[in-house]
2 protein chains.
Amino acid sequence: MAAAMEVVDTNGAGAFSMRALGGFLDCDPTAMYRHFATKNALLDALVDSVIRDGVADLPETDDPRADIRANFRQLRRSLLAHPTLAPLVLRRPPGVGAYWERSDHAVAQLHRAGMDPADAANVYQTLLFYTLGHTLSEARQLARAVEKEGAGARGGPVAQVRPPAELHPDLSDVAPHLREDNESQFLAGLDLILRDLPR
Amino acid sequence: MAAAMEVVDTNGAGAFSMRALGGFLDCDPTAMYRHFATKNALLDALVDSVIRDGVADLPETDDPRADIRANFRQLRRSLLAHPTLAPLVLRRPPGVGAYWERSDHAVAQLHRAGMDPADAANVYQTLLFYTLGHTLSEARQLARAVEKEGAGARGGPVAQVRPPAELHPDLSDVAPHLREDNESQFLAGLDLILRDLPR
DNA sequence: ACCTGAACACCGTTCAAGT
DNA sequence: ACCTGAACACCGTTCAAGT
């Protein structure tokens, strides 16, 4: 339901309620129970639409590695488009229907690159979990801005990671590199996992 | 607060409320507001204790790769010990104090293995996000059992991933490998990321 | 000065009452 | 047969009233 997504995006998933949606649609809060058995079922449907978003446009070029990168990059983009909803993807098992086309695309590219089924399973699952972990951690940042002052305040200053150097010498050597660019950090992680994909 | 953790573990984080904790402790629900400003602050404290759990006992042997593996394996174990609380780790930024000792240990081992700071930052963040994504996805499974019938029903049959073969040929080749062993799948992903760590 | 608990403004969901 | 909305059993949090 597009209206529900709009309420989530403008006020945050935390502020979403049947009463809020009813107010947005000028109808009784209990009217939604004819279309969805429960509030959770409605949220699951929203999450599934995010998981499916853009999967039909994934490329299949002659470079399987690039196609795989595009897949997970696009998943990250879709999740970050709805930052307060993003954590709810963990409610959906990786085997749920919404993931099928997306995972089929990724596994097909791994196969096309000459990887055997067992390795492909490992690499696919590693890529998926890495992407979810990285992206949900980014989404939390964006979500805080939305939940605080409504949608629109995106792209504020990024919180710096700055531990006390005397307590954690090795970590503070590395801290300047940690948050300098979320997108390139994400892609670097993907490449790390894909490093020796056969070609 | 150990009592709050007990309430969360027995009935699930979803059923945790100030009133439930008050009932467990035989006191007024508003009494907690002297120790924690808000319910969220209390949950954050619980999450931080899970992140810190066991970090003092992490090994420092002559094998940095094994020590890194032990670090993230132990994080996974701590998160899975409180499956309904686990998703709330996403409320805490990776730069929060609770992560310092743990990330310092990991970065120190990467450094000891001869990795330069920029690479160490990439690999550390990749390992952390991969671990969070993988473990939170596992935790969801355990959490469902707890929230349904109270703690104790752990280790029930694992949901199989079984997509319709005609629709997703590449994926269904791989499906039998996907969920066969969570722990070894997790470790395989770690090794994939650590594959060419200098030694 | 400290503590308690009544009260406020919510919430998801049900189901009796209306049409 | 269908729809509505009053009502139930909650919730986090505040703050006036007690000690």
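Proteins come first, then strands; the chains are lettered A, B, ... in the order of their sequence lines, and each starts at number 1.
A donor atom on one side chain and an acceptor atom on the other are found under 3.5 Å apart for Arg102(A) and Gln74(A). Looking only at atom types and distance, the side chain of His105(B) has no donor-acceptor partner in the side chain of Asp67(B) under 3.5 Å away. If you check the side chains of Thr61(B) and Asp63(B), you find no donor sitting under 3.5 Å from an acceptor. A donor and an acceptor atom, one from each side chain of Thr38(B) and Asn40(B), are nowhere located under 3.5 Å apart.
With C1' as the reference atom, dT13(C) and dT13(D) are 23 Å apart, rounded to whole Å. Taking atom C1' on both nucleotides, dC15(C) is separated from dT19(C) by 16 Å, rounded to a whole Å.
The main-chain N or O of Leu110(B) is never found under 3.5 Å from a side-chain atom of Arg65(B) such that the two would form a donor-acceptor pair.
Scanning DNA chain C 5' to 3' for nucleotides with an atom closer than 4.0 angstrom to a non-hydrogen atom of chain B gives a first and last hit of dC3(C) to dA7(C).
A cation-pi arrangement is present between Arg76(B) and Phe186(B), with the terminal nitrogen or guanidinium carbon under 6.0 Å from the aromatic centre and inside a 45° cone about the axis.
In this structure, Ser17(A) reaches the sugar-phosphate backbone alone: every heavy-atom distance under 4.0 Å involves primed, P, OP1 or OP2 atoms, never a base.
Looking at Asp44(A) and Leu88(A), their side chains never come closer than 4.5 Å, going by heavy atoms from C-beta outward.
Salt bridge annotation for Arg69(A)-Asp191(A): present, with a cationic side-chain nitrogen under 4.0 angstrom from a carboxylate oxygen.
Counting only Watson-Crick and G-U wobble pairs whose two key distances fall under 3.5 Å, DNA chain D forms stems of three or more stacked pairs at C:4-8 with D:12-16, C:12-16 with D:4-8.
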